[in-house]
Amino acid sequence: MRKRVAIVGSGPTALYALQDLVKSKSSLAICIFEASEIAGKGTPYQRGINDPAMLSNIPSIEIPHLPETLVAWLLSQSKKYLSEHEIVRDDISDRAFYPRVVIGDYFRSQFAMIIALGKKANHTITVNECCQVTDIELNGNQFSVRSEAGARSEFFDYVMVATGHSIPTSPETSPGYFSAPWPAAALHSIKSGKIGILGTSLSAIDAVMTIATAFGRFNRDNDGRLNYEMGCCHDTFEVTMMSRKGLLPEADFFFPIPYDNPQICTAEAIAARVALGGSRLLDDVFDLFRRELLLADPEYAQLIGLEELTVDTFASAYYALRDRSDPFEWAAANLDEAKRNYAAKHTVPWRYAILITHEIIEAAVNYLTAEDLNRFNKSFKSIFADDYATVPHLSIERLLALRKAGMLSITAIGDQSEILTDSNKRGATVVYKNNRLAFDTFIDATGQKTMSADDLPFPSLQSSGLVSQARTVTPYGNQRRTGGIDVDAHCRPLLAGTKPVRRLYIPAVSYLLHKRPFVQGITSAAELGKVVAQSITADVTRPTRSRRAPTISKAVRSVAFELT
């Protein structure tokens with residue numbers, strides 16, 4: 001009999017899991033549940049949720065293997081399709097960036113190809129669109145999956161929860177106050193006026209571009225410079241982006257792919273240090289990182305005084321020059337540098353050293369004490385996010401064009417800001433450092449929030465105790481709740497932080513961020529999907545052992561079936 005596999009969600013994580021599952025020599029019955037109208041795209045790439053002006057920050061060369069590369073797929077598209085998305089066929093390359101909705105269309109085509117391959121390999125694959133899963137419950141050694149579309153539950157041997165992102169259905173929670181920039185279609189109701197956007201990262205840039213392209217358009221002059229023109233039917237608007245430091249992300253920089261290996265801060269060195277225990281782990285990891293950075297770029301190390309820095313002071317030195325500069329002037333200079341380096345195929349050594357160590361250092365985060373986890377999150381984490389979350393050059397050009405047109409400003413609001421709303425008044429007021437900024441419209445665009453066990457929309461998994469909030473050990477040996485869900489190396493939730501639940505997988509990134517802060521984007525989705533698929537395939541093909549245990553009670557035997 002075929003083993004039945006349920007996949008809840010059909011974004012990139014599910015896509016990559018499916019790609020590996022269909023390689024199984026044992027025939028599987030795979031059922032995919034997708035809440036949206038179109039499966040195979042994922043929330044960050046769905047039309048309606050995303051505006052055509054929103055750019056993805058991953059080029060074709062960085063997208064892990066699928067049946068067809070993004071470049072090959074784009075070259076096969078019609079002239080009409082490319083024109084609709086302002087893509088010039090001769091400019092298509094593996095280092096270029098494209099709209100999020102285009103990436104979604106590409107994923108959808110790969111999804112269809114993988115399903116065809118799976119069916120050819122004798123798997124049965126069912127895709128349920130517009131099908132919201134409402135509960136998942138363990139029954140014996142199977143899981144029942146209940147959805148809004150069905151009056152009864154379906155039973156599966158394996159369940160993979162790949163729900164990824166969570167966005168509100170109606171982000172305008174009060175007049176003129178938006179709790180998220182998605183779905184982008186909701187932002188089209190915004191009228192001209194004073195608009196405040198909380199955040200300066202790519203999510204915030206997406207919100208700015210959605211509004212700007214609704215009110216006007218970008219175009220290039222004869223010298224190739226990008227300008228912004230207000231539409232004739234709209235009044236002028238003002239956008240203020242706000243963040244703690246008031247800094248823009250930097251422009252995408254050139255680097256070799258695949259990554260080179262670090263020489264000092266290696267995976268082996270981090271693993272060896274983790275094996276010694278949690279005491280001073282964060283400081284010792286930072287020492288490995290500091291030595292790597294010093295070796296890679298001695299000039300940069302001298303510039304920031306690296307030898308005297310600690311894990312708690314490094315971020316301040318890293319941001320120091322940008323903190324003292326006008327954010328738009330810095331952005332313009334950084335963009336020019338990035339373009340020159342791309343043309344020369346030159347890699348800035350210190351930037352690359354941070355990039356190639358971020359995932360290696362992440363492997364130690366799960367073993368930090370609660371206090372060190374707090375120290376890591378407070379400052380050190382941000383420099384890695386700043387380095388790998390660079391944005392397309394066009395995004396920076398668009399921001400500079402809006403600034404030149406007098407429609408965009410950036411404000412640093414510090415750590416103690418407050419957002420005030422009034423039920424009798426539209427928008428919101430931001431209070432910071434004895435200043436007040438009033439906005440007709442306010443958008444919280446700080447990105448995907450970290451989620452915990454209490455946010456999981458499957459009540460039976462919570463009530464049965466199969467999924468619970470993660471804990472982190474303190475220096476005194478007790479445990480403190482730190483949010484998210486603890487999972488093992490196969491993405492199976494852990495009971496009491498130690499025992500994995502067999503055949504249940506939760507590779508949904510929003511629940512993993514507390515211990516895996518860099519598990520974001522398509523490359524992470526591919527890794528998670530592959531891990532889950534390989535675990536399921538290995539379990540399916542594992543030799544069956546006798547389960548007869550006459551001296552064990554039925555209740556105890558049931559638990560043995562459920563757990564490894």
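Sequence positions, counted from 1, serve as the residue numbers for this chain.
The backbone N or O of L373 lies less than 3.5 Å from a partner atom in the side chain of N377, making a donor-acceptor pair. At least one donor-acceptor pair closer than 3.5 Å links the side chain of S463 to the backbone N or O of P459. Remark: the backbone N or O of S460 is paired with a side-chain donor or acceptor of S464 at under 3.5 angstrom. At distances below 3.5 Å, not a single donor-acceptor pair connects side-chain atoms of E34 with backbone N or O atoms of V127. Side-chain atoms of D94 do not come within 3.5 Å of backbone N or O of S60 as any donor-acceptor pair. When atom types are taken as modelled, the side chain of S10 and the backbone of G40 share a donor-acceptor pair closer than 3.5 angstrom. Judged purely by atom type and a 3.5 angstrom limit, Q46 has no side-chain atom pairing as donor or acceptor with the backbone of K41. Side-chain N or O atoms of H358 include none that pairs as donor or acceptor with a backbone N or O of F384 at under 3.5 Å. In this structure, the side chain of S524 does not engage the main chain of G521 through any donor-acceptor pair within 3.5 Å. Listed for the H490 side chain is no donor-acceptor partner under 3.5 Å among the backbone atoms of S535.
The existence of a salt bridge linking R47 and D105 is confirmed by a sub-4.0 Å separation between a basic side-chain nitrogen and an acidic carboxylate oxygen. The residues R95 and D252 are annotated as not salt-bridged, no charged nitrogen and carboxylate oxygen being separated by less than 4.0 angstrom. Under 4.0 Å is where a charged nitrogen must lie from a carboxylate oxygen, and between D135 and R146 no such pair does. A salt bridge does not link R375 with E371: every distance from a Lys NZ or Arg NE/NH1/NH2 to an Asp or Glu carboxylate oxygen is 4.0 Å or more. Taking a cutoff of 4.0 Å between a charged side-chain nitrogen and a carboxylate oxygen, E154 and R4 qualify as a salt bridge. Ionic pairing of R502 and D539 is present here: one or more N-O contacts between side-chain nitrogen and carboxylate oxygen are shorter than 4.0 angstrom. Salt bridge D51/R100: absent, no basic N to carboxylate O contact under 4.0 Å. With respect to the salt-bridge test (charged N to carboxylate O, under 4.0 angstrom), the residues D20 and K23 qualify. The pair R108-E129 meets the salt-bridge criterion, with a side-chain N (NZ, NE, NH1 or NH2) lying under 4.0 Å from an Asp/Glu carboxylate O.
Considering only heavy atoms from C-beta on, P493 comes within 4.5 Å of V467 through its side chain. At least one side-chain heavy atom of C265 sits under 4.5 Å from a side-chain heavy atom of I361. Contact annotation: the side chain of V161 approaches that of I136 to within less than 4.5 Å [non-hydrogen atoms, C-beta and beyond]. No side-chain heavy atom of V487 sits less than 4.5 Å from a side-chain heavy atom of Y505. Using a 4.5 Å cut-off on side-chain heavy atoms (C-beta onward), T266 and T357 make no contact. You'll find the side chain of E362 reaches within 4.5 Å of the side chain of R516, heavy atoms only. Between I87 and I92, the closest side-chain pair of non-hydrogen atoms falls below 4.5 Å. By the 4.5 Å heavy-atom criterion applied to side chains, P517 and V365 are counted as neighbours.
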task: Could you please spell out the steps behind the side-chain contact (heavy atoms from CB on, under 4.5 Å) verdict for L28 and R2?
output: CA-CA 5 Å; L28 302 173; R2 296 173 187 261; 5.9 Å; no
- request: Under the side-chain contact (heavy atoms from CB on, under 4.5 Å) rule, what do L66 and Q19 come out as? Steps first, then yes or no, please.
  value: CA-CA 8 Å; L66 287 169; Q19 179 173 241; 3.8 Å; yes
message: Using side-chain contact (heavy atoms from CB on, under 4.5 Å), reason through I383 and I354 one step at a time and then give a plain yes or no.
response: CA-CA 8 Å; I383 67 102; I354 294 174; 4.0 Å; yes
Trace of the ring-ring contact (aromatic ring centres under 6.0 Å, His included) decision for F376 with F286: CA-CA 10 Å; F376 175 82; F286 176 76; over 10 Å; no
query: Can you list the steps and then say if W73 with Y81 is a ring-ring contact (aromatic ring centres under 6.0 Å, His included)?
result: CA-CA 12 Å; W73 180 81; Y81 180 87; 5.7 Å; yes
task: Assess whether side-chain contact (heavy atoms from CB on, under 4.5 Å) is satisfied between E137 and L461, documenting all intermediate values.
output: CA-CA 6 Å; E137 183 177 5; L461 290 183; over 6 Å; no
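The heavy-atom pair separating D372 from L282 by the smallest distance is O-CD2, 3.4 Å. Across all their heavy atoms, F156 and V145 have their closest contact at CD1-CG2, 3.7 Å. Closest heavy-atom contact between V501 and L495: CG2-CG, 3.9 Å. Summarising the geometry of P500 relative to D488, their closest heavy-atom pair is CB-OD2, 3.4 Å, with the distance given to 0.1 Å. Here the closest non-hydrogen pair linking P249 and V391 is CG-CG1, 3.8 Å. Listed here is the closest heavy atom pair of R273 and S279: NH2-O, 2.5 Å.
Atom CD of E84 has more than 12 neighbouring heavy atoms from other residues, nucleotides or ligands inside a 6.0 Å radius. Atom CZ of F380 has more than 12 neighbouring heavy atoms from other residues, nucleotides or ligands inside a 6.0 Å radius.
For the atom pair L187 CG and E172 CD, the distance stands at 9.5 Å (nearest 0.5 Å). Rounding to the nearest 0.5 Å places CD1 of I197 at 4.5 Å from CD1 of I443. For the atom pair CZ of R503 and CG of L138, the computed distance is 10.5 Å after rounding to the nearest 0.5 Å. Going from atom CD of E359 over to atom OG1 of T523 covers 6.0 Å, rounded to the nearest 0.5 Å. The structure places CZ of F107 at 5.0 Å from CD1 of I63, a figure rounded to the nearest 0.5 Å. Here CG of L70 is found 12.0 Å from CD of E62. Values are rounded to the nearest 0.5 Å.
When each of S24, S27, S26 is paired with N122, the side chain to side chain donor-acceptor pair (under 3.5 Å) condition holds for S27 and for no other. The only member of V22, L21, V532 that meets side chain to side chain contact (heavy atoms under 4.5 Å, CB included) when paired with T537 is L21.
You'll find the ring centres of Y45 and Y106 outside the 6.0 Å limit. Aromatic ring centres of F458 and F143 lie farther apart than the 6.0 Å criterion allows. Aromatic rings from F255 and F253 are positioned such that their centres are separated by under 6.0 Å.
Side-chain N/O atoms of S179 and D444 include no donor and acceptor closer than 3.5 Å. Remark: the Q263 side chain and the E292 side chain contain no N/O donor-acceptor pair separated by less than 3.5 Å.
With sequence neighbours excluded, the residues satisfying side chain to side chain donor-acceptor pair (under 3.5 Å) with D157 are Q142.
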